[in-house]
2 protein chains.
Amino acid sequence: MAEPMYRQIAEILRGRIESGEIPPGAQLPTEIELMDQYNASRNTVRDAIKLLTTRGLVEARAGQGTFVVEKINPFVTTLTGELGANVNESQVYVAEILKGGRTPTVSEVRVEIQQASEVVADVLRLEPGAQLVSRHQQRFIDGIPWSMQTTFYPMSLIERGATKLLQATNIHPGTVAYLGEACGIKQVGYRDSIAVRTPDENEMRFFKLPADGRVPVFEIFRVGYSQDGERFRLTTTVYPADRNRFLIKVGEVPPRDVAAE
Amino acid sequence: MAEPMYRQIAEILRGRIESGEIPPGAQLPTEIELMDQYNASRNTVRDAIKLLTTRGLVEARAGQGTFVVEKINPFVTTLTGELGANVNESQVYVAEILKGGRTPTVSEVRVEIQQASEVVADVLRLEPGAQLVSRHQQRFIDGIPWSMQTTFYPMSLIERGATKLLQATNIHPGTVAYLGEACGIKQVGYRDSIAVRTPDENEMRFFKLPADGRVPVFEIFRVGYSQDGERFRLTTTVYPADRNRFLIKVGEVPPRDVAAE
DNA sequence: GCAAATTTGTTCGTATGTATT
DNA sequence: CAATACATACGAACAAATTTG
């Protein structure tokens, strides 16, 4: 009796799922049936199911039953892309998605003028409270919420001529290219920082994530560097961890063909 | 009454935590106290706390109380490193860690001969069931379990002269460099694939993760390519998501100084 | 080192609400 | 509307872990 009963039941069910006895998409026995099968109270059975839910193995639907979750064919994003001022990051990912036979869409751009928070000011080497332009966009693949992105630009870029940053529309052919034209800033490099955390309320709502916060999100910070070594933008993108994967290519890498690994 | 009571209580507690009223490391009111404060049964209070636990906000310790979790100063790993056969990936990360004033240690190497699973065979372009050498190692920082790594090499590399791959010790100055010497394979590129998933039992034990699986792990697949475009290794590394972060540098990026962002 | 007090963990029973078919 | 299945909520008892005296 080392292990509490609800964990034993969870383990047995996990075995039945992983062995394929209860395949993805199939319904588990109802709580009443499990009470009989394992001679436990309904609360204990529910504790077992909750454990499997937190682990992402099953999903309960009120009025229907509890079902084994089906693996999602993940969206793949390549983080080591082209640098040049001539390429739009948006275009790169759009091309990548279209290649996979999926359809990307994006929301309108929401532009705001903000004071730099401590974190943003620190990353962009500004005074806390410095004026910023933030451009926010939501992105979908096949209608499924895919990512939320916000880019912060120092207000000084506007003064240096990049007035279109204030436009609440997409900037063609790309914001990075536009900055090159408008004020001579060329992106010669960027640094990404990848972490995983639990979603906030906003993100849970947008991505339709379960309220218990069991699905984490990727948070990727991208800092862009100009030819002068200046940090001219900070882009933060959030992706739900249950349907995204990232690729990094270093050196000479043959093109990816199928859905390798 | 749109929101159930246990969520309302959880929301209130979240507010008290995020406002700083209950700072990181501090103890929440006991379950009995919360019963009084919010006029709910103990089970309802416990449901509220469970929600915050799944979200990673608090942590309950039997016999002590429930505490606000303290943020961990994360380990940072750079994924875009040096390629050359002259550099050991292990050395790179060791240097990076030492620079942060931390102490890395590694376990012995466990060497096994295995048949390629379907996934591994697919990635390395081998027949399923082909013979493989797997080299497994566990790594720690300041004594904390940090990552588990397994690298798979096609057995053909042994026949081509890389017999040291069978040695159950670290290969100096590095396995990639050794493959260059022993059979002329130079790594000209690699591809990483990053995903997040729930840990298996092994990983939960090694990383001392909570049994409910609320802390996910990063899983990074790295495929190495030789000068002939051959996929000569597959390295899979698993890191707990609650104490790791990854960096990617593209183009010209100034060196990182402090603990930026 | 032991015993008591405190606090969370597990398990049961029961009742009622809500979502779906 | 009825039946089914999960969701919420209360009460109660005992177990296990930890701290304190």
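Keep in mind the model is a prediction, meaning the values are calculated, not measured. In what follows, every chain begins at residue 1, and chains take the letters A, B, ... in the order their sequences are listed. For the numbers below, each heavy atom of this structure counts, side chains included, while hydrogens, waters and symmetry mates do not.
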Whole-Å gap separating [atom2] ([N]) and [atom1] ([X]):
X        : N       : atom1 : atom2 : value
Asp36(A) : dA5(D)  : CG    : C1'   : 14 Å
Tyr38(A) : dC12(C) : OH    : P     : 15 Å
Glu59(A) : dA5(D)  : CD    : P     : 18 Å
Ile32(B) : dA5(C)  : CD1   : P     : 15 Å
Met35(A) : dT4(D)  : CE    : C1'   : 15 Å
Gln8(B)  : dT8(D)  : CD    : P     : 12 Å

Enumerate, atom names and distances included, each donor-acceptor pair closer than 3.5 Å involving a side-chain atom of residues 63-70 of chain A, sequence neighbours excluded.
none

| task | Using the salt bridge (Lys or Arg N to Asp or Glu O under 4.0 Å) rule, collect all pairs that involve residues 141-150 of chain A, keeping only residues at least two apart or in two chains. | result |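 Passing the test, one end in residues 141-150 of chain A: no pairs.
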| remark: In this structure, CZ of Arg7(A) is separated from CG of Asp212(B) (nearest 0.5 Å) by 8.0 Å
| So, is Gln64(B) near the phosphate of dT8(C), with a side-chain N or O under 4.0 Å from OP1 or OP2? |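 No, outside the criterion.
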Dump every N/O contact between nucleotides 9-11 of chain C and the protein below 3.5 Å, one line per pair.
from    : atom 1 : to       : atom 2 : distance (Å)
dG9(C)  : OP2    : Arg46(B) : NH1    : 3.1
dG9(C)  : N7     : Arg42(B) : NH2    : 2.7
dG9(C)  : O6     : Arg42(B) : NH1    : 3.0
dT10(C) : OP1    : Tyr6(A)  : OH     : 2.9
dT10(C) : OP1    : Arg7(A)  : NH2    : 3.4
dT10(C) : OP2    : Tyr6(A)  : OH     : 2.9
dT11(C) : OP1    : Met5(A)  : N      : 2.3
dT11(C) : OP2    : Met5(A)  : N      : 3.4
dT11(C) : OP2    : Tyr6(A)  : N      : 3.1

| Smallest separation among heavy atoms of Phe218(A) and Asn244(A), with atom names | CE1-O, 3.7 Å
| said: Quick check: do Val109(B) and Thr169(B) have side-chain heavy atoms less than 4.5 Å from each other? | reply: no
| request: Measure the shortest side-chain to side-chain distance between Arg245(A) and Ser193(B) over non-hydrogen atoms and say whether it is less than 4.5 angstrom. | output: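 They are in side-chain contact.
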